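The shown structure was predicted, so the numbers you read here are calculated from the model rather than taken from an experiment. The figures that follow rest on heavy atoms only: side chains count, while hydrogens, waters and symmetry mates do not.
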Amino acid sequence: MWNYIKLLLLALVVFAAGYAASNARDLAYQVHAILVLLIAAGVFVYTLRNMEGALAAPETGYMDGPVRVGVILTAFWGAVGFLMGTWIAFMLAFPAMNWEWAEGFLNFGRLRPLHTSAVIFAFGGTGLIATSFYVVQRTSGARLWGGNLAWFVFWGYQIFILLAATGYVMGSTQSKEYAEPEWYVDIWLTIVWVAYLLVFMGTLMKRKEPHIYVANWFYLAFIVTIAMLHIVNNLAIPVSIFGAKSVQLFSGVQDAMTQWWYGHNAVGFFLTAGFLGMMYYFVPKQAERPVFSYKLSIVHFWALIFLYIWAGPHHLHYTALPDWAGTLGMVFSIILWMPSWGGMINGLMTLSGAWDKLRTDPVIRMMVVSIGFYGMSTFEGPMMAIRAVNSLSHYTDWTIGHVHSGALGWNGMITFGALYFLFPKLWAKQGLYSLRMVSWHFWLATIGIVLYASAMWVTGIMEGLMWREVDAQGFLVNSFADTVSAKFPMLVVRGIGGIMYLTGALIMCYNLWKTVTSAPAIAEAPVAAPAE
């Protein structure tokens with residue numbers, strides 16, 4: 001019965017998408033309507049041809065199908081995102097790379113959000129969904145709740161990525177940092193995210209283990225808070241039901257405050273809480289040691305989620321935002337340093353009694369470096385939130401260096417470690433194809449991050465000092481063009497660091513592919529092997 005309802009819904013989607021495409025008022029909306037039509041038609045045909053098999057599918061063991069596809073796409077999206085980032089880094093050094101023949105479709109302004117979304121939402125988001133599905137099943141002793149709802153979450157999220165990316169290239173954007181997709185893409189993501197919450201919560205509710213492991217608390221905080229942030233920040237009124245353009249519900253300083261309440265907490269809950277869930281599961285598993293202090297992990301969780309939500313206003317120092325609001329964000333940002341370092345210490349001390357593994361296991365080495373970058377970023381962030389420091393750092397490349405040391409050093413490296421752990425497990429292999437390749441990846445990534453971040457720290461402080469330099473009469477000494485010219489060597493170094501990081505990621509993709517196709521299999525399949 002359910003399959004017939006699904007076919008009816010898909011047929012309605014095909015009809016509605018076709019009607020929307022024929023009445024579209026702009027290119028992006030029309031292309032997206034056609035994409036939705038093709039996807040819905042493809043799923044309709046697939047469902048029709050597999051109705052018998054779908055009815056007969058057993059539900060025993062863990063549901064690792066979405067996890068397998070998820071880790072593959074995580075590696076793929078990582079390579080795509082790093083490639084885009086490296087390309088636009090060189091665009092800033094060599095403006096001629098903004099190709100005129102592309103008629104604006106491939107200029108910096110459109111590729112930059114493509115890069116940030118590819119790394120944060122495609123690479124990071126797909127990795128979080130895949131690892132959370134893996135972790136919640138193992139720590140709960142239960143199969144994912146909802147049957148094929150997990151597949152809907154996974155593929156629905158990939159459709160969101162496709163719609164967002166194609167929209168950026170065609171100029172369809174809300175112009176809100178980390179929230180560029182237009183209104184109908186936001187609605188689709190909300191539907192997918194609610195389904196994600198249902199799958200995760202349903203699995204926890206039917207768990208066989210009485211205790212909810214701390215990694216699941218971090219994943220759950222990430223899912224719930226991102227849903228709240230996404231809905232409030234993206235409240236908008238479409239100009240037309242057949243067009244991509246919309247008007248934001250908030251305006252002026254209220255819109256800025258809402259945006260950076262969202263923007264900073266997207267960092268706090270998407271790029272911090274979610275990846276801490278990853279850290280609290282995969283670091284102990286790879287080190288084969290229990291978490292150093294479970295009590296500290298609980299204190300870390302509650303302190304982090306209470307404090308982070310208030311820190312957003314520090315992005316708006318020296319703007320129309322009232323000083324009291326900026327001070328509130330600054331104070332909470334400084335306090336946030338303490339629980340963040342508590343989590344870093346907990347992660348590092350988990351290796352107590354196993355420090356020798358750093359010499360022999362490049363995967364645990366990668367995880368430890370990621371925790372180190374987490375600690376460094378969560379010290380640098382509160383420092384930059386202080387109004388006096390912010391007066392120098394704001395609008396400069398120092399902020400870019402800070403963001404990338406966290407994203408590439410913390411988020412990237414812990415995800416790489418999780419992928420190296422998961423691939424042999426999911427495909428029942430004795431180990432990775434080549435540990436030497438992991439070492440090459442580790443050193444390329446680490447040196448690449450150091451080059452990137454150091455170049456941005458130097459050029460950022462230089463920019464801030466040049467912008468505030470005045471002569472004896474009180475006039476500015478340097479024009480904006482002077483600061484751009486002075487940055488050239490550091491922009492080239494940043495690009496070189498990006499090339500190294502990208503090369504490491506490509507080596508990882510090859511290593512993981514060879515692990516699946518060539519690494520020796522274990523003698524017996526895992527006890528809870530999936531039955532799909």
Original post:
Hey, what's the ring geometry for W410 with Y374, parallel, tilted or perpendicular (30° and 60° as the breaks)?
Top reply: tilted
**OP:** Classify the angle between the aromatic ring planes of W193 and Y157 as parallel (below 30°), tilted (30 to 60°) or perpendicular (above 60°).
**Re:** tilted
Ring centres under 6.0 Å, that's the criterion: do [X] and [Y] meet it?
X	Y	result
H264	H315	yes
W217	F200	no
F416	H441	yes

Subject >> Spacing of T459 atom OG1 and W398 atom CH2 [to the nearest 0.5 Å] >> reply: 13.0 Å
Original post:
Just how far is it from atom CG of L229 to atom CD of Q259, taken to the nearest 0.5 Å?
Top reply: 10.5 Å
**OP:** Kindly determine whether E177 and R112 satisfy salt bridge (charged side-chain N to carboxylate O under 4.0 Å, His left out), including the steps that lead there.
**Re:** CA-CA 11 Å; E177 185 76 347; R112 192 265 178 181; 2.8 Å; yes
Original post:
Side-chain donor-acceptor pair under 3.5 Å between T131 and Y281, yes or no?
Top reply: no
Subject >> Nearest atoms (heavy-atom pairs only) where G124 meets F270 >> reply: C-CE2, 4.2 Å
Subject >> Derivation and outcome, ring pair (Phe, Tyr, Trp, His ring centres under 6.0 Å), residues Y213 and Y280 >> reply: CA-CA 9 Å; Y213 183 62; Y280 273 117; 7.5 Å; no
Original post:
With side chains defined as the heavy atoms from C-beta onward, is the minimum distance between F133 and L144 less than 4.5 Å?
Top reply: yes
